[in-house]
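So the structure is just underneath, and the comments pick up after that.
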Amino acid sequence: MSANKLLLKFARRYPGRILLTVILGFSGALFNGISTTLIVPVLLSFLQEAVELRGAPPLIKTLMYPFEGMPQNQRLVWMTLAIVLAIILKNIASYTNTLVATSLTRALTFDLREAGLRLLLEVDLDFYSKTKVGDLINRLGGEVGRTANAIGTAIGMFTTSITVLVFVGLLLSISWKMTVTSTILLGLVAWTNQYIITRSKYFGHQLSEMSKDYSVRILETITGIRLVKSTGNEEREYQRIKELIQRREEADFSAQVNYAAIAPINEVVNLIVIILIVFMGRTIFANEIESISTVLLTYLLVLFRLIPLISQLNSGRSQFATTSASVEVVNDFLSCDDKPFMVNGTVPYTHLRSGIHFKEISFSYPNHKNLVLQKVDLFLPHGTTLALVGTSGSGKSTLADLLPRFYDPTEGCILIDGIDLREFDVKSLRKAMGIVSQDTFLFNASVRENIAYARQEVSEAEIVEAAKGANAYEFIEQLSEGLDTQIGDRGVLLSGGQRQRISIARALLQNPEILILDEATSSLDTVSERYVQEAIEKLSCDRTTLVIAHRLSTVQKADQIAVIDRGQVVEMGSHEELLTKGGYYTRLYSMQFAEEAARDEALIRGSYEIRTRLTPMIAYLKLLVDEMVDSPEERDELIRESFHSAANIFKTLEFIENTIKRLAIKK
Ligand SMILES: Nc1ncnc2c1ncn2[C@@H]1O[C@H](COP(=O)(O)OP(=O)(O)O)[C@@H](O)[C@H]1O
Ligand SMILES: [Mg+2]
């Protein structure tokens, strides 16, 4: 769809206002024409000159007809009154027209913004992985604003065009020969403007481009302000953005300079054209110059009135050209053809009965070739927990994202109680799922609003209960205003663990049937992790849960653990089963638990040592206690041996202690 078609598509919603613009534009032009035509005869009468209408075109005759036969003085008064009336009516028409045009522009801007907003909410997640937020904000704000200006300009040009047509009609009726020549000459003026208009388009594009870069950069800097500050890059960012601002202003300046050139250039060229036309008029009307003076003067007056309108039209064209880049950007933005949209199903989701089957799933991200998942086949029975483990980048989050249909599998399908996920109404489906992920998102609102986000109508008691369930209530109570504390942009006023627990409270309150936990605890310190882990255990009991965890300690209790490696399920079973297999899981496990394993080993080795030392020592001591020793030498010997053993045991204990201390420091 072309950019202009977009404007038409939106404008078509307001046929009444458009019709009104046409009518008002036309009547304004008509009154304008009438008043202009009447001026010359009035002036001539005023100067006591003869008003010669012989040979005048029918139009002028018709206009003069009502005043014919009146006495000279009366006629002058009536004609003057007619001119004043026509001018008043013309101005009323043009004022009303401005009102209608403005309301139309506002309504269209509203519609464009609304359409943009709808689109942003409906479009698939994949769109966002490719589009910069700053760009989107720029489009929805600045570009839509400029498009609205373009609409305003277009309506203005439309009205001016009507007036021009009426005036040209007047001119034609007076002398077609002159008008054809003038039209050609004025056409030349319009043509000389073409160069300026092309430049306007170019500057418009630049302006759009710069505005985008500027918005993107400034938003990124603000969002990453911590990084900017911590790396001491304020100056660099400042310079970079300053440059963008400068370039944007330069583009804007060039556009203005270009636009401002139109009026003076046109005035000069128009003057030349008018002189040419007057000379031509002399030739054309040469024979009857005396008698025709009224007509010639009227002609020239209409022409004089027409020329600024043509200049206005030329300026309008240039302005429209500048904004056309924005119209194109908005058009691109609002077009749905190149954006991913989910085909929604019709079956409302109600309950999970038997389980979720990931059936032979292969997946690659849109516009990416490599398969992120390959023939993954997993069954998650109702009420149980399935854990996904594997190295980072193996595809765990991707698999989890398929369940709420953030993406659809490229091959295979997900079956819920045997029904393809795609058949369900996606909203009802997602409402049944609670998702807690590593990067929790909180709105800049109160704790209460954040917890209650997934459900609109909840009681205070329910919120408190959810907060308690998530181990969050204690710290919420400590906040200055409890549940009503504002938590800042994206929750910056809370710690990572606190944010995590609020998002768990949110999921708890939602009471989802299916729970998806994607590394919900990985970024937390050990104390927070313990709190969050407890909260998660409460949350997941009796629910169908898909859990992804980086730390294997958090998934040991899962009913099934699937090890994913480069997009494939390489092992499957419970924690104990997988450990006995001695495969991937054991390796992951031993890598992660190397420290714990080392500690265990130190303990086992140490205890073995102590036992081997203790056994003879006890035997010696028993001999001594039971007075089974024959000679004092043998007795001394046994005591010495026991002493050595005790000293060795002491050393072993020291070794164990040191090992444990060392591991504790490493942690
Ligand atoms: N939106 C995306 N577009 C393209 N590729 C992606 C996208 N998200 C993730 N990937 C790629 O998919 C692979 C698996 O990622 P992910 O599922 O996040 O792994 P994990 O959660 O196991 O660490 C990675 O190679 C990653 O680069
Ligand atoms: Mg992940």
Side-chain angles (χ1 to χ4, degrees), residues 120 122-133 135-136 220 223 338-342 356 358 360-378 380 385-412 414 421 430 433-441 496 499-500 503-504 507 514-524 529 532-533 536 540 545-555 558 560-572 578 583-585 587-589 591-592:
L120 286 183
E122 296 298 327
V123 71
D124 276 2
L125 273 185
D126 192 51
F127 173 72
Y128 288 95
S129 62
K130 293 195 212 102
T131 322
K132 292 177 177 155
V133 181
D135 185 15
L136 290 179
E220 277 185 356
T223 351
D338 58 346
K339 293 183 187 62
F341 283 96
M342 188 141 285
I356 301 167
F358 295 85
E360 298 276 312
I361 285 181
S362 296
F363 179 78
S364 56
Y365 279 96
N367 307 319
H368 287 258
K369 272 200 213 85
N370 56 324
L371 280 178
V372 177
L373 297 172
Q374 289 177 53
K375 300 247 174 266
V376 171
D377 203 284
L378 292 167
L380 168 55
T385 298
L386 166 66
L388 304 176
V389 300
T391 48
S392 143
S394 54
K396 306 178 297 291
S397 297
T398 306
L399 186 62
D401 280 352
L402 298 182
L403 193 50
R405 271 197 88 190
F406 290 151
Y407 298 94
D408 280 331
T410 323
E411 265 175 55
I414 299 179
L421 204 61
R430 287 179 186 162
M433 293 181 184
I435 304 171
V436 183
S437 64
Q438 187 176 4
D439 42 339
T440 49
F441 183 85
R499 286 206 290 273
Q500 199 69 268
S503 70
I504 290 173
I514 300 164
L515 190 61
I516 302 169
L517 303 166
D518 188 353
E519 313 230 3
T521 62
S522 1
S523 62
L524 306 180
E529 191 197 356
V532 175
Q533 189 58 36
I536 285 179
S540 58
T545 310
L546 182 68
V547 56
I548 297 172
H550 182 64
R551 292 200 188 134
L552 297 185
S553 55
T554 56
V555 299
Q560 308 175 79
I561 299 172
V563 184
I564 315 269
D565 185 50
R566 275 166 285 174
Q568 283 173 310
V569 178
V570 287
E571 265 178 2
M572 182 77 197
L578 289 173
Y584 280 90
Y585 187 77
R587 270 209 297 287
L588 274 178
Y589 188 81
M591 263 194 299
Q592 270 191 24

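Read the numbers this way: they start at 1 and go in the same order the structure lists the ligands and their atoms.
A donor atom on one side chain and an acceptor atom on the other are found under 3.5 Å apart for Y365 and T398.
If you check which protein heavy atom lies closest to atom 10 (N) of ligand 1, you get Y365 CE1, 3.3 Å.
Looking at heavy atoms from C-beta onward, E411 lies out of side-chain contact with E360 at the 4.5 angstrom threshold. Inter-residue side-chain proximity for I414 and I356 is flagged as met; some heavy-atom pair is nearer than 4.5 Å.
Between S397 and ligand 1, at least one N/O pair is under 3.5 Å apart. In terms of polar-atom proximity, defined here as any N/O pair under 3.5 Å, D126 makes no such contact with ligand 1. The shortest N or O to N or O distance between G395 and ligand 1 is below 3.5 Å.
Proximity of atom 27 (O) of ligand 1 to the protein is not indicated, since no non-hydrogen protein atom lies closer than 4.0 angstrom.
Here is the list of ligand 1 atoms found below 4.0 Å of a heavy atom in T398: 14 (C), 15 (O), 16 (P), 17 (O). Each of the following atoms of ligand 1 lies closer than 4.0 Å to a heavy atom of Y407: 1 (N).
Under 4.0 Å from ligand 1, not a single heavy atom of F363 appears.
Shown here for V569 and A562, the closest heavy-atom pair between the two residues is CG1-CB, 4.3 Å.
The closest approach between G390 and ligand 1 stays at or above 4.0 Å for every heavy atom of the residue.
Applying the salt bridge (Lys or Arg N to Asp or Glu O under 4.0 Å) test to residues at least two apart or on different chains, none of the pairs has a partner in residues 386-403.
For the Mg ion (ligand 2), the set of protein N/O/S atoms nearer than 2.8 Å consists of S397 OG, ordered by chain and number.
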